[in-house]
Structures are given as structure tokens and as C-alpha cells.
Chemist: 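Next up is a structure, given as C-alpha cells.
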Amino acid sequence: MDSLTQIVLGAAVAAAVAPARHRRAALLAGAALGTLPDLDSLPIALLTDDPVALMTLHRGASHSLFILPLLGWAIWALFKHRGGRVAEAPSRWFWAMQLALVTHPLLDAFTVYGTQLLWPLATPPVMWSSVFIIDPLYTVWLLLACVAAFLLRERAAAQRALVAGLVLSTAYLGWSLAAKAMVEREADRALAAMGLGDAPRFSVPMPFTTLLWRVVAMTPSGYVEGFRSLAADDGAMRFEGHASNVQALAEASHIPAVARLAWFNHGFMRARDVDGELVLSDLRMGTDPDYFFNFAVARRGSPWHAIPPRQLRAPRDLGGTWGATWQRIWQDPGACAPPCQAASYSDGVLPADSASK
């Protein structure tokens, strides 16, 4: 999630657990601890300029549920030894610090980016993908709770505000999981009608909302992409086919950057041959054809050979994206029965070699 959200989550959790007389200090400590795991970007950037490494090492060790409790204990022990507030209420501060740290990666896991909760185990990153990386309807309750707690200080109303903020924000996460389940139920039906019942797939909310969702399923020649509005759509879900150079991707699978990306994004990526270079796009973030993460990782040959990975940045129109998202939330572009879906798949997916264009 974005830094502001992590700051107010850490602050609210710590302030709710710490003694009331330490509430303002706990807000500041929780804010610092809540953002601490994301500072891993700084040492990673000092160690490498490889864009694939920068992407896939982030949310690694600093977000591990094996590492953070140890870090929390070390910070707690240091401040307890120094005396002061932590020494006055060591048990309450221990849990305030631990929860402020651990809730950070758990919240990150609700996004689609990928969080390595079990690092150093080589399990793929966790991506529950039920909220966008910025969602005001999650953050606002925590922000209001922190402001109220700061102003009310030791009063009982401050604790009630913190509890209310945490309950409402957590309830919103629960709603996001319920919304995801509703979308995936419709997607499963539509994909089964298209002969893609067993296809690998993922669903993710569109920016700043949990009312509009995007579903992507992989196919032998590429992938299909569909959208579902919980506010407007009524009927079978529709998908459009897109090509990927699956042959080139398979031939280059031995290249470390290709293998690393496939592990990190669970294989949800598009491959293109662009001027003799293999360009991989992470399908989880963005919409076709405009994706956030695009990397040139190999040069054509027999076989493909590795090149220093290079990130390709495409211009983005965030205002236009949000405008289109808002319109799609409230407007269904038209109904389509399952036979229409099947035609969309068979007619929409291009041969794999056309992905070079």
C-alpha cells in the first residue's frame, strides 16, 4: 500500500495498544515502524541498478513474518534498556511495536504487487489482490482516527476513535474480499463457457475502487482480459483476447531475469519481440496495452541470450485512466451472452508470433 496508509495503520495500531498516557508517543512510534519495512528500497538501490532485481527484491526480507518479529523484539529491547516510556509499560509497548511492524506486510499482501511473507523460503510472493495500492476508502478511517487520538490525547474518546478506525478499515478489507469472490464467481462461469475453465487467472480491483474489477486468464497463445462492475454489470462477463509471444518466452525461460520475473508475477506476463529484443510486461498492473512494468531482458538468437535488463517506461495518463474507470463503474457497455464470449476469445487472440509487433 501507499506510504500514507502504512503510516496511519502503524500509528493507529500502536496507539490503540500502548497506554493512554503514552498515546501521542505511540502515534509517532507506530508511524515510524509502519513505514520502516518499505525503506528496504534504499539499500537495494545501493546494491544494484538492475530494474528486475529492484522490483523483485522489494517486499522481501524486510516484509518477512520470520524477520519482522525479531526486528520488533530488538527495537523493543533497546528502548526498554534505555528506560523511559517503554520501560514503564514493557508488555504494552512490546505488542504495540510488534503489531505496527507486522501489519505492514499483511496489508501489502492485500495488493497485487506481491509480498514475500515467508522469506527466505522460495515460495512465490503472496498477492491476495483485493485492494488497489491506493484506496481512500480504506485509509480515511485510519487517518481520522489518528487525528482524533492526537487531539484527544488521554481521553477515553481517543481510544474509541482508534478502535472505530481499525474496525471500519478492517471491515473494508473484508468487503474487498467479498467483492473479489463475487467477481471471480462470474469470471469462472464465463471462462468455463469459453473452454478456459482450468486457465491460470487472477482478479484485481481497478484504481481507487472495489466496485470495478479486472480479470486476466492465460491462454495457449496469450491471455484474455475482462472487466466486471459490481454497480452496473448484469449478465455474463465478457473477455477480449490478446496475444503474447509464448514461443519466445518458452525459449528464453533459462535466462535468469525471465525466470525471476515468472516466479515473482506467477507467470502472468506478456512477451513481445520488439526490434530483436524480448520485452516482458507484468500483466497484473495496468491494462492492455498499457502496463506499469515492462522490461527488455534478452536479445534474439539461437537461443535467446541475456542482456542487462532494462526497464521501458511508457507515458501514462492517470487522469484519463481514472476518468475511464469512473465511467465504467456506473455504465455497462452492453450485454453479451456466452456464445459472444466464445467468439471474442477465438477471434480476439492473435497467433503468438504476431506479438512481436
Side-chain angles (χ1 to χ4, degrees), residues 1 37-38 40-41 43-45 47-68 104-130 133 198-204 214-225 242 244-273 277-286 288 291-299 303-312 352 355:
M1 295 291 284
D38 276 345
D40 66 341
S41 297
I44 293 172
L47 294 173
T48 181
D49 59 358
D50 179 340
V52 171
L54 291 173
M55 180 183 186
T56 61
L57 290 176
H58 180 48
R59 294 196 189 178
S62 69
H63 288 59
S64 170
L65 296 181
F66 296 131
I67 301 298
L68 285 178
H104 178 119
L106 291 177
L107 180 58
D108 275 348
F110 280 89
T111 70
V112 77
Y113 185 93
T115 306
Q116 299 170 54
L117 295 180
L118 301 181
W119 187 96
L121 300 182
T123 55
V126 176
M127 50 174 223
W128 296 325
S129 62
S130 68
I133 58 171
D198 296 326
R201 71 198 62 171
F202 70 90
S203 62
V204 62
R214 172 174 170 261
V215 178
V216 172
M218 306 306 291
T219 71
S221 58
Y223 58 99
V224 293
E225 178 184 55
H242 303 282
S244 175
N245 196 328
V246 294
Q247 180 178 348
L249 183 60
E251 292 172 351
S253 61
H254 65 283
I255 294 174
V258 177
R260 179 71 178 177
L261 285 170
W263 169 80
F264 186 74
N265 60 35
H266 298 247
F268 295 116
M269 57 184 174
R270 176 188 66 179
R272 293 182 298 149
D273 182 343
E277 289 186 335
L278 182 62
V279 175
L280 302 181
S281 301
D282 192 320
L283 296 175
R284 301 171 304 159
M285 287 163 277
D288 197 87
Y291 295 106
F292 283 100
F293 293 100
N294 306 278
F295 303 98
V297 296
R299 181 162 293 280
W304 289 84
H305 59 269
I307 61 174
R310 187 174 75 257
Q311 186 167 1
L312 308 178

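Values below: every heavy atom of this structure, side chains too, minus hydrogens, waters and symmetry copies.
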Chemist: Just so I know, are the side chains of Met127 and His266 near enough to count as touching, which here means a heavy-atom distance under 4.5 Å?
Modeler: yes

Chemist: Given 3.5 Å as the limit, does a donor-acceptor pair link the side chain of Gln116 with the main chain of Thr56, or not?
Modeler: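 Answer holds: yes.
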
Chemist: Does Ser281 use its side chain to pair, donor to acceptor, with the backbone of Asn294 at less than 3.5 Å?
Modeler: no

Chemist: Donor-acceptor pair, distance only, cut-off 3.5 Å: does the side chain of Ser129 make one with the backbone of Ser203?
Modeler: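 Pair found, side chain donor or acceptor close to backbone of Ser203.
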
Chemist: Go through it in stages, so that I can follow the logic: the residues are Met55 and Gln311, the test is side chain to side chain contact (heavy atoms under 4.5 Å, CB included), and I'd like the CA-CA distance, side-chain angles, deciding distance and then a yes or no.
Modeler: CA-CA 10 Å; Met55 180 183 186; Gln311 186 167 1; over 6 Å; no

Chemist: Does any part of the side chain of Arg270, heavy atoms only, come nearer than 4.5 Å to the side chain of Asp288, both counted from C-beta?
Modeler: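 Yes. Closest side-chain heavy atoms under 4.5 Å.
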
Chemist: Is there a side-chain contact between Asp108 and Leu117, using heavy atoms and a 4.5 Å cut-off?
Modeler: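 Heavy-atom side-chain distance check fails, nothing below 4.5 Å.
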
Chemist: Quick one: closest heavy-atom pair of Pro309 and Ala257, and the distance?
Modeler: CG-CB, 3.9 Å

Chemist: So, do Met269 and Phe295 sit near enough that their side-chain heavy atoms are less than 4.5 Å apart?
Modeler: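 Sidechains of Phe295 and Met269: no contact.
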
Chemist: Is there side-chain contact between Asp40 and His63, with at least one heavy-atom pair below 4.5 Å?
Modeler: yes

Chemist: Where the side chain of Arg214 meets the backbone of Gly286, is there a donor-acceptor pair that is under 3.5 Å apart?
Modeler: yes

Chemist: Answer yes or no: is there a side-chain heavy-atom contact under 4.5 Å between Tyr291 and Leu283?
Modeler: yes

Chemist: Taking the side chain as C-beta and beyond, is there a heavy-atom pair between Trp304 and Asp273 under 4.5 Å?
Modeler: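 Heavy-atom side-chain distance check passes, below 4.5 Å.
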
Chemist: Taking Ala122's backbone N and O only, do any of them form a donor-acceptor pair with Trp263's side chain (distance below 3.5 Å, no angle check)?
Modeler: yes

Chemist: Indicate yes or no: at least one non-hydrogen side-chain atom of Leu261 is less than 4.5 angstrom from one of Val52.
Modeler: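 They are in side-chain contact.
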
Chemist: Looking only at the side chains, is there a donor atom on one of Thr115 and Arg59 sitting less than 3.5 Å from an acceptor on the other?
Modeler: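 Indeed, the side chains of Thr115 and Arg59 share at least one donor-acceptor pair under 3.5 Å.
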
Chemist: For Tyr113, does its backbone N or O pair with a side-chain atom of Arg284 as donor and acceptor, under 3.5 Å?
Modeler: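 Between the backbone of Tyr113 and the side chain of Arg284 there is a qualifying donor-acceptor contact (under 3.5 Å).
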
Chemist: Looking at Asp38, is its backbone amide N or carbonyl O close enough to the side chain of His58 to form a donor-acceptor pair, meaning the two atoms are under 3.5 Å apart?
Modeler: no

